[in-house]
Protein chains: 2
Amino acid sequence: MIMNRLPDKTVERLSQYRRTLNNQLAKGKTHIFSHEIANLLHITPVQVRRDIMLIGYSGTLRKGYDIKEMIELIGTIIDTDQGVKIAVIGMGNLGKAFIHYMYEKQTKLKIVAAFDINPDKIDKTYEDVYCYHLDRLEEIIKELGIGIAIIATPPEVASPLADRLKEAGIRGILNYTPRPLSPREGVYLEEHDMITSLEKVAYFVKA
Amino acid sequence: MIMNRLPDKTVERLSQYRRTLNNQLAKGKTHIFSHEIANLLHITPVQVRRDIMLIGYSGTLRKGYDIKEMIELIGTIIDTDQGVKIAVIGMGNLGKAFIHYMYEKQTKLKIVAAFDINPDKIDKTYEDVYCYHLDRLEEIIKELGIGIAIIATPPEVASPLADRLKEAGIRGILNYTPRPLSPREGVYLEEHDMITSLEKVAYFVKA
DNA sequence: ATTTGCCTGTTAATAGAATAACAAGGCAAT
DNA sequence: ATTGCCTTGTTATTCTATTAACAGGCAAAT
């Protein structure tokens with residue numbers, strides 16, 4: 001099945017579909033309608049069907065979509081066969097939150113290393129993830145074949161860090177620092193600013 | 001200055017403009033050009049000028065924008081005079097991350113309470129924020145006049161929690177749980193799913 | 001005085017996303 | 001068999017956001 005590059009928002013929803021479908025599967029359901037998915041995720045059924053159309057899947061008219069098939073298909077789209085290894089940089093609260101969220105989830109995405117500069121944190125494991133000194137960043141990335149890095153450091157170091165990550169061969173960066181990074185050739189960049197989210201809520205509450 | 005409801009993305013950027021401008025002000029700059037702001041945030045100068053137009057501000061032709069004026073104007077738009085009080089619900093790593101980020105930032109947004117059900121956390125303060133038992137949620141929200149809640153709990157409890165928050169008079173919810181909430185009448189809802197962000201990076205790295 | 005260059009402010013065009021609209025299929029009830 | 005209902009799949013439309021295009025202004029250089 002040839003697949004053009006999917007829209008940004010569709011990819012985001014696929015991730016959510018899969019998790020919801022896994023939940024439903026665990027509850028013993030085998031088939032599901034677009035409006036059921038929509039209700040669970042609080043979006044519209046049309047949007048669900050459109051996304052499903054875009055990934056080239058088809059449901060049956062009377063029973064809806066086969067949950068298991070759809071989970072597998074989404075897997076072939078957003079996962080890679082071998083999986084992707086991830087590093088968390090910065091073992092503060094946010095870094096730990098990430099590790100905790102991913103802990104024992106058997107996905108293809110696996111956090112395999114953490115980095116920090118605080119001696120109290122280095123050479124310890126947090127929920128099975130070993131923390132290295134930041135000096136060993138390039139070394140470990142290459143040794144373990146890490147493809148994605150989550151930046152959860154203080155904002156000042158984000159930019160030089162991104163340079164090092166690119167040099168070390170990282171393919172994707174998820175930046176949770178409030179300091180926007182410049183795009184780097186060949187490195188996919190995704191950013192999220194928690195303070196901005198909060199200020200946005202404040203604005204729309206006011207308005 | 002009459003202001004129509006600003007576009008979503010413009011509001012997000014205003015939050016970033018303000019922080020960047022504060023940085024520049026701290027460095028002693030008094031004026032700034034649109035392309036300078038753009039470079040700092042890695043967006044286009046047109047977008048900056050367009051946003052500035054939307055908030056009804058004007059720069060001078062030769063010197064660009066007056067940083068101080070602009071910071072103040074953004075303040076009148078996204079802040080309220082009295083400020084907004086915020087509660088963090090769930091004192092896990094993520095909840096702590098939020099508190100830490102907001103700590104000693106003298107903004108109009110102030111985290112004034114945390115809630116949890118773990119006795120180890122209750123009745124302690126973390127960076128000046130006192131943690132109450134979740135049973136006292138409604139009571140404390142009303143007593144302190146809290147307007148916004150950040151949900152940083154396990155996903156299972158997010159939905160019933162949102163009901164309680166609405167009942168207690170909360171005006172805005174920031175949901176960091178991977179479980180999407182249904183919109184509630186009169187409550188602004190903003191959501192962010194860290195796992196989805198990560199899977200999105202994985203997809204675009206692959207593609 | 002005129003030209004040049006570099007700004008801002010605004011309108012026009014384009015791209016991206018969500019929503020609406022609707023054709024077509026198939027089961028169930030009549 | 002026909003009707004009615006509820007579903008999917010897809011196209012068309014609307015809405016939102018970004019980007020391009022350009023008019024106007026001012027200071028400095030010529």
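Every chain is numbered from 1 and lettered A, B, ... according to where its sequence line falls, protein lines coming before strand lines.
- Between A:Lys9 atom NZ and C:dA17 atom P there is a gap of 7 Å when expressed in whole angstrom units.
- Put simply, chain A comes within 4.0 Å of DNA chain D, heavy atom to any atom, from D:dC6 to D:dA12, going 5' to 3'.
- With rounding to whole Å, A:Arg62 atom CZ is found 14 Å from C:dA24 atom C1'.
- Salt-bridge annotation for A:Asp193 and B:Arg19: present, with a side-chain N of the basic residue lying under 4.0 Å from a carboxylate O of the acidic one.
- Residue contacts for A:Thr44: at a heavy-atom cut-off of 4.0 Å it reaches the sugar-phosphate backbone alone, with no base atom in range.
- Inter-residue side-chain proximity for B:Asp51 and B:Gln47 is flagged as met; some heavy-atom pair is nearer than 4.5 Å.
- In summary, A:Asp79 and B:Lys206 do not engage in a salt bridge, as defined by a charged side-chain N under 4.0 Å from a carboxylate O.
- Atom CD1 of A:Ile43 is separated from atom C1' of C:dA20 by 16 Å (rounded to the nearest Å).
- Less than 6.0 angstrom separates the ring centroid of B:Tyr130 from the ring centroid of B:Tyr132.
- Counting to the nearest Å, the C1' atom of C:dC27 and the NZ atom of A:Lys63 are 13 Å from each other.
- The distance from atom CD of B:Gln47 to atom C1' of C:dA15 is 13 Å, rounded to the nearest whole Å.
- Side-chain contact between B:Ile150 and B:Ile89 is absent, with no heavy-atom pair separated by less than 4.5 Å.
- One finds a salt bridge joining A:Glu199 and B:Arg18 here, because a Lys/Arg side-chain nitrogen approaches an Asp/Glu carboxylate oxygen to under 4.0 Å.
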inquiry  = Treating primed atoms plus P, OP1 and OP2 as sugar-phosphate and everything else as base, which nucleotides of nucleotides 8-13 of chain C get B, S or - for protein heavy atoms under 4.0 Å?
reply    = BBBBB-

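- Listed here is the closest heavy atom pair of B:His100 and A:Asn93: CB-ND2, 4.5 Å.
- A:Tyr176 and A:His192 have tilted rings, their planes meeting at an angle from 30° to 60° on a 0 to 90° scale.
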